[in-house]
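Structure, as structure tokens:
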Amino acid sequence: MMKKKHNILIFIILLFFTFNIYGQNIVPNKTEEQTSTINLEPKEENTTSFDKWFKYFTDILGPIIALIGILLTLPILKKKLLENHISKALIDIQDANKNLLTEITDLIDEYTPKTFSNDRILKNELQDILDKVKIIYKTSQKGNSDSQTMLFFLKYTIQNTLKHYDPKKYAILSSREIYGLVLFTLEQAVFFSTQVVQIPKSTKTNNENLINKKIKKYVSNSEFLKYKHFKQGLIDDPNSAHYLLFYNQINHCSSTLLKRAAFQIFWDVSAIKKILFLSEIYAPLEINAPNNSPIFGGGNYRLYLIGFQKSTTLLMKEGTTKKVVDLIYSNPDDFGRFASNLTYENLKKNYKDVFIENSSFSLEKAISMTQKDLETFSIQYELKYLEELFNKNKKEFKKKLK
């Protein structure tokens, strides 16, 4: 604001200076020698070099002042246009939010009674849920980014779960679990639509390029301006608070199909990593084994931690109960499958912690290994052991949270 006022002040001073000079040149000075008669004798010119240069200077000063005025006012005009654009966008977002709230409220009223029982969900019912979520997600695309992002996570997760869901083959989904997830996400969308102020802190922009810098000089129209503090559309960042909120709810679900589908959104451990750290236990976020296949070898078999569950179990041999943690590992690749046939002996022999290499995590100390749904299995450990590993690796673990 101070810079804007300073530019305007300079422009006014220069403008005043120009008019003052022109006023002196245009109005003639009357002398006592002026009479009503016309003197036909030519006057002897008595102009100096300074007079000539001064006249030349005053002639070009006007255009110069006009140019300076344009240069000074262009940034002001640009800022005003950006402000108007953001104002219009915010009005459109608010209007869309109102429509979104109406649709969400209707769906919340419809789905809340579904959580009163814990019935099995068949594939056609899951498809019906997806169809209704798609409609709300479409409305959210015109509204705020936060609601749109949360609803996209839900849509994508249900869609990828439905892709593989077979109650005859995999564990069934329960009404309390799936409708609970839907209602949680809808309530988050309501919060973002009614409580979060969508006004950016400034109208600053960044210069962006559509293509690689190395070849941008060989194409045209590749540059564009992007708002620095005004985000529209999906928040496609696995490190965002939105993904953490959604994934934390996913981690409370028992279905490994839901966990795997939610992980496939980004194929990134950022969210589960933070949830694990806050729970003060340590387990490898990724375990790898060399791929020695003669045809497809050369890489690694990668397994990711997609969730975990704490519980209390009865140890039959000892006749005691112990607090345990089921670590859920999965291969998220739908096409390069290998984890469904993985044995515990193979796991112990070939797989290693690649998240913190000297973590002292041992697959030998697992209580059991159980195959779950598609390309997913669980390894059970004593809670105490994972807590000890957390204390040992806490400093290194914290460095990797970013």
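Model, not experiment: these values are computed from the prediction.
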Just by modelled atom types, is the [Y] backbone N or O under 3.5 Å from a matching donor or acceptor in the [X] side chain?
| X | Y | answer |
| --- | --- | --- |
| Gln264 | Pro332 | yes |
| Tyr247 | Gly307 | no |
| Ser240 | Asp237 | yes |

For residues [X] and [Y], is any side-chain donor paired with an opposing acceptor at under 3.5 Å?
| X | Y | answer |
| --- | --- | --- |
| Ser174 | Asn118 | yes |
| Ser147 | Ser193 | yes |
| Gln127 | Asp131 | yes |
| Ser359 | Asp353 | yes |
| Ser254 | Gln309 | no |
| Asp373 | Thr256 | yes |
| Lys142 | Asn99 | no |
| Glu375 | Ser340 | yes |

Looking at every heavy atom in both [X] and [Y], which two are closest together, and how far apart are they?
| X | Y | result |
| --- | --- | --- |
| Asn97 | Gly143 | OD1-CA, 3.6 Å |
| Ala339 | Gln371 | O-NE2, 3.2 Å |
| Pro284 | Ile287 | CB-CG2, 3.7 Å |
| Thr157 | Ala261 | O-CB, 3.4 Å |
| Phe355 | Lys273 | CZ-CD, 3.7 Å |
| Thr115 | Gly180 | CG2-N, 4.0 Å |

Walk me through whether Ser255 and Glu177 qualify under side chain to side chain contact (heavy atoms under 4.5 Å, CB included). CA-CA 8 Å; Ser255 170; Glu177 184 166 89; 3.3 Å; yes

For the [atom1] atom of [X] and the [atom2] atom of [Y], what is their distance to the nearest 0.5 Å?
| X | Y | atom1 | atom2 | answer |
| --- | --- | --- | --- | --- |
| Ile178 | Ile172 | CD1 | CD1 | 12.5 Å |
| Ile135 | Leu130 | CD1 | CG | 10.0 Å |
| Lys392 | Asn358 | NZ | CG | 5.5 Å |
| Ser175 | Ile121 | OG | CD1 | 5.0 Å |
| Asn393 | Glu388 | CG | CD | 11.5 Å |
| Thr161 | Leu374 | OG1 | CG | 10.5 Å |

Just checking [X]: does its [atom1] atom have more than 12 heavy atoms from other residues, nucleotides or ligands closer to it than 6.0 angstrom?
| X | atom1 | value |
| --- | --- | --- |
| Lys384 | NZ | no |
| Lys310 | NZ | yes |
| Lys123 | NZ | yes |
| Lys365 | NZ | no |

Would you sort out whether Arg302 and Glu286 count as a salt bridge (Lys or Arg N to Asp or Glu O under 4.0 Å), showing the intermediate values? CA-CA 7 Å; Arg302 299 176 182 274; Glu286 182 182 340; 2.8 Å; yes

Can you tell if the side chain of [X] reaches within under 4.5 Å of the side chain of [Y], non-hydrogen atoms only?
| X | Y | result |
| --- | --- | --- |
| Val190 | Leu101 | yes |
| Tyr282 | Phe397 | yes |
| Leu285 | Tyr304 | no |
| Phe191 | Asp146 | no |
| Val182 | Ile158 | yes |
| Phe308 | Ser279 | yes |
| Thr376 | Tyr329 | no |
| Asn331 | Tyr301 | no |

For the rings on Phe390 and Phe277, is their centre-to-centre separation under 6.0 Å? yes

Less than 4.0 angstrom from a charged side-chain N to a carboxylate O is my criterion; do Asp333 and Arg337 meet it? no

Between Arg260 and Asp334 (salt bridge meaning N to carboxylate O under 4.0 Å), is one present in this structure? yes

Please state whether the rings of Tyr381 and Tyr385 are parallel, tilted or perpendicular, taking 30° and 60° as the class boundaries. parallel

Would you call the rings of Phe246 and Phe153 parallel, tilted or perpendicular if under 30° counts as parallel and over 60° as perpendicular? tilted

Apply salt bridge (Lys or Arg N to Asp or Glu O under 4.0 Å) to residues Lys132 and Glu110 and explain how you reach the verdict. CA-CA 11 Å; Lys132 291 179 179 178; Glu110 179 183 347; 2.5 Å; yes

ring-ring contact (aromatic ring centres under 6.0 Å, His included) contacts in which one or both residues fall within residues 157-187, not counting sequence neighbours: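 For residues 157-187: Tyr111-Tyr179.
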
Asn239/Lys274 under side chain to side chain donor-acceptor pair (under 3.5 Å): CA gap, chis, key distance, verdict: CA-CA 10 Å; Asn239 202 40; Lys274 294 176 180 64; 2.6 Å; yes

Where do Leu126 and Leu173 land on the side chain to side chain contact (heavy atoms under 4.5 Å, CB included) test, with the steps shown first? CA-CA 9 Å; Leu126 190 60; Leu173 290 169; 3.9 Å; yes

Criterion side chain to side chain contact (heavy atoms under 4.5 Å, CB included) on Glu387 and Glu280, from CA distance to verdict: CA-CA 6 Å; Glu387 288 175 337; Glu280 297 187 343; 5.9 Å; no

Side chain to side chain contact (heavy atoms under 4.5 Å, CB included) between Asn160 and Ile265: does it pass, once the steps are laid out? CA-CA 9 Å; Asn160 269 26; Ile265 295 172; over 6 Å; no

